[in-house]
Amino acid sequence: MTLDGVELRVLHLPLVAPFTTSFGTETVREVIVARALTPDGDGWGEIVTSAAPLYSSEYTQGAWDVALRWMIPALLDARRMSPAEVSGILEPFVGHRMVKAGLELAVLDASLRLGGISLGAHLGVTRDRVPSGVSVGIQRDPTALVDVVGGYLDEGYARIKIKIKPGRDVDDTAAVREAFGAIALQVDANSAYTLADADVLAELDRFDLLLIEQPLQEDDLVDHATLARRLQTPVCLDESIVSRKAAVDALALGSASVINIKAGRVGGYLEAVAIHDLCRAAGIPVWCGGMLETGIGRAANAALAALPGFTLPGDVSASNRFYARDIVRDPIVLEDGHVRVPTGPGLGIDIDPVALDDVTVARETLRR
């Protein structure tokens, strides 16, 4: 395909409820969407950075700058490309994987729309819908957490993930397990602990959890391996897995027995598929994580999660879990605990231009 230009927008989308993790609380989701402009139609991608560098070193203003200053000009200089060539064009720029992922997705969407092929068909999905899990932020107290989890179970979500941090771990998990019995339950620490907290984390073993996600810092692969030997609960890595190479290293060290794949975190959906293929060959279960995506990223995640190696429910929740009004005309909805994989060309979504304009706070276009 031929790339004539790229439009970037910063969006501010109000969340339906505050979302609290060990990193802090969000009430508005700040995110960048990218629009690939071609002679034959446009393609959309999502750069899943947040306003502040708390989850990762990437953040909105840094992503905006490196995209406009370096990465988009490199793509425009190349002019003609296939989606598989995007990562090579952007490889000289160190890091900034979320930017690379969003730009790659925009090119991928445009190219697939041109060919009349859905993203799911392109990736090789084996299902037309995927089980949907929900991520529940830290609440006021365990009683409030139980109330919130009960609401999501009533909606039909197939798996519950609760956020934890020191002082809000064992009691919160105990309250949910006691209230709802043998539901599919896992916890996410977002790197909030150290190896010195191993005894506390071992207390979670009695709750028969699917997994504990990213208990230690992202660069603590050796400490994660030590912790994994202490726990009965499977250890899952999230922030640590930034590439296929990182996944290879983690598995070799025994740092994890489950891996969360986020396309934005690893630099794109094609790299995400490579990690899926690696883990499937090794017999390691994977699941699709979420970054509070709009309908753009949510549709792409649904397609990714329909690959055969994704054997655990992911964070591909309905759009209304986070947003009263999405930026796509037909938001993702929950049907009997599942979400459907879009089948239209490209991402299979149509942007709602009025909704998009209403939440746009910055906009810039670069052309050849």
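Predicted model, so just to flag it, every value in this text is computed and none were measured. Positions are given from 1 along the sequence.
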Show the atom names and distances, to 0.1 Å, of all donor-acceptor pairs under 3.5 Å that link a side chain in residues 31-38 to residues at least two apart or in another chain.
unit_1, atom_1, unit_2, atom_2, d
Arg35, NE, Asp42, OD2, 2.9
Arg35, NH2, Asp42, OD2, 2.8
Thr38, OG1, Asp40, N, 3.1
Thr38, OG1, Gly41, N, 3.1
Thr38, OG1, Gly41, O, 2.4

Quick one: OH on Tyr269 to CG on Leu347, what's the gap to the nearest 0.5 Å? 8.0 Å
Taken to the nearest 0.5 Å, the spacing of Ser243 OG from Arg97 CZ works out to 5.5 Å
Any sub-3.5 Å donor-acceptor pair from Tyr193's side-chain atoms to Gln217's backbone N or O? no
Give the minimum heavy-atom separation between Ala256 and Leu237, together with the two atoms involved. CB-CG, 3.6 Å
Student check: side-chain heavy atoms of Pro53 and Glu58 closer than 4.5 Å: no
If we ignore hydrogens and angles and just use 3.5 Å, is the side chain of Asp197 paired with the main-chain N or O of Val200 as donor and acceptor? no
Show, in sequence, the C-alpha distance, side-chain angles and deciding distance for Asp350 and Arg329, and conclude whether the salt bridge (Lys or Arg N to Asp or Glu O under 4.0 Å) test is met. CA-CA 6 Å; Asp350 292 316; Arg329 294 189 190 277; 5.4 Å; no
Could you tell me which non-hydrogen atom of Ala101 sits nearest to which non-hydrogen atom of Ala263, and how far apart they are? CB-O, 3.7 Å
Inspect the surroundings of CD in Glu178 and state if more than 12 heavy atoms from other residues, nucleotides or ligands are less than 6.0 Å away. no
Donor-acceptor check, side chain of His96 to backbone of Ala63, threshold 3.5 angstrom: yes or no? no
With Val187, the side chain to side chain contact (heavy atoms under 4.5 Å, CB included) member among Val176, Val170, Thr173, Leu211: Thr173
Is the backbone N or O of Thr21 less than 3.5 Å from a side-chain atom of Thr25, with the two atoms forming a donor-acceptor pair by type? no
Side-chain contact, heavy-atom cut-off 4.5 Å: Arg29 with Val48? yes
Check for a donor-acceptor pair, side chain of Glu293 on one end and backbone N or O of Met291 on the other, with a separation under 3.5 Å. yes
What verdict does the salt bridge (Lys or Arg N to Asp or Glu O under 4.0 Å) test give for Arg368 and Asp77, after you've listed the backbone C-alpha separation in whole Å, the side-chain angles of each residue and the deciding distance to 0.1 Å? CA-CA 8 Å; Arg368 286 195 295 109; Asp77 284 346; over 6 Å; no
Closer than 3.5 angstrom, by distance alone: can the side chain of Ser191 be matched with the main-chain N or O of Leu216 as a donor-acceptor pair? yes
I'd like to know whether Ser87 forms a side chain to side chain donor-acceptor pair (under 3.5 Å) with Glu271, so could you lay out the CA-CA distance, the side-chain angles of the two residues, the decisive distance to 0.1 Å, and finally the verdict. CA-CA 9 Å; Ser87 62; Glu271 182 76 357; over 6 Å; no
Do Asp188 and Ile162 have side-chain heavy atoms sitting under 4.5 Å apart? no
CZ on Arg230 to CG on Leu195, rounded to 0.5 Å: 7.5 Å
Which heavy-atom pair separates Pro215 from Cys236 by the least distance, and what is that distance? CD-O, 4.3 Å
Could you tell me the separation between the OG1 atom of Thr20 and the NZ atom of Lys163, rounded to the nearest 0.5 Å? 11.0 Å
May I ask you to test the Pro14-Arg325 pair for a side-chain heavy-atom distance under 4.5 Å? no
Just by distance, do the side chain of Arg206 and the backbone of Ala174 share a donor-acceptor pair under 3.5 Å? no
Arg177 side chain vs Gly181 backbone, donor-acceptor pair below 3.5 Å: yes
Are the side chains of Leu356 and Thr360 in touch, meaning some heavy atoms are under 4.5 Å apart? yes
May I have the list of side-chain donor-acceptor pairs in residues 273-288 shorter than 3.5 Å, sequence neighbours left out?
unit_1, atom_1, unit_2, atom_2, d
His276, NE2, Gly309, N, 2.7

Do Leu3 and Arg79 have side chains that approach each other closer than 4.5 Å (heavy atoms only, starting at C-beta)? no
Can you confirm whether Asp220 sits close enough to Val222 that some side-chain heavy atom of one is under 4.5 Å from a side-chain heavy atom of the other? no
If you measure only the distance, is there a donor-acceptor pair under 3.5 Å linking the side chains of Arg168 and Ser22? no
Verify the neighbour count for atom CD of Glu203: are there more than 12 heavy atoms of other residues, nucleotides or ligands below 6.0 Å? yes
Enclosure of Tyr59 OH (heavy-atom neighbours >12, cutoff 6.0 Å): no
With sequence neighbours excluded, what pairs up with Arg113 under the salt bridge (charged side-chain N to carboxylate O under 4.0 Å, His left out) test? Asp109
Should Leu204 and Leu210 be counted in the same cluster of Ile, Leu, Val, Met, Phe, Trp and Tyr side chains packed under 4.5 Å apart? no
Following the transitive rule for hydrophobic clusters with a side-chain heavy-atom cut-off under 4.5 Å over Ile, Leu, Val, Met, Phe, Trp and Tyr, establish whether Trp44 and Leu105 coincide in one cluster. yes
Would you say Asp352 has more than 12 foreign heavy atoms packed within less than 6.0 Å of its CG? yes
Charged N-O contact under 4.0 Å between Asp249 and Lys245: yes
Would you call Glu335 and Arg340 a salt bridge, using N to O less than 4.0 angstrom? yes
Sequence neighbours excluded, the answer for side-chain hydrogen bond (donor to acceptor under 3.5 Å, both in side chains) partners of Ser56 is none
How many angstroms lie between atom CG of Asn301 and atom CD1 of Ile296, to the nearest 0.5 angstrom? 12.0 Å
N-O pairing of Asp4 and Arg367 below 4.0 Å: no
Considering all heavy atoms, the nearest Ser118-Gly344 contact: CB-O, 3.2 Å
In terms of side-chain heavy atoms, does Arg321 have a donor or acceptor partner in Tyr152 at a distance below 3.5 Å? yes
Do the side chains of Phe23 and Leu145 join up, straight or via other hydrophobic residues, at under 4.5 Å, putting them in one cluster? no
Between the side chain of Glu7 and the main-chain N/O of Arg363, is any donor-acceptor distance below 3.5 Å? no
Contact summary for Val316 and Ala305, nearest pair of heavy atoms: CG2-CB, 4.2 Å
Indicate, with yes or no, if Val328 and Leu119 share a hydrophobic cluster defined by side-chain heavy-atom contacts under 4.5 Å among Ile, Leu, Val, Met, Phe, Trp and Tyr. yes
Hey, any chance Ile160 and Ile212 share a hydrophobic cluster, counting ILVMFWY side chains that come within less than 4.5 Å of each other, even indirectly? yes
Does the Thr194 side chain pair with the main chain of Ala196, one donor and one acceptor, at a distance under 3.5 Å? yes
Taking only residues two or more places apart in sequence or in another chain, which ones pass salt bridge (charged side-chain N to carboxylate O under 4.0 Å, His left out) with Arg159? Asp315
Sequence neighbours excluded, the answer for side-chain hydrogen bond (donor to acceptor under 3.5 Å, both in side chains) partners of Glu30 is His12, Thr60
Go through the side-chain N and O atoms of Asn190 and Glu239 and say whether any donor and acceptor fall under 3.5 Å apart. yes
Pair Asp238, Tyr55: side-chain N/O donor-acceptor within cut-off below 3.5 Å: yes
Gap between atom OG of Ser255 and atom CZ of Arg229 - 0.5 Å precision: 9.0 Å
Could you tell me whether the side chain of Leu8 reaches within less than 4.5 Å of the side chain of Val6, counting heavy atoms only? yes
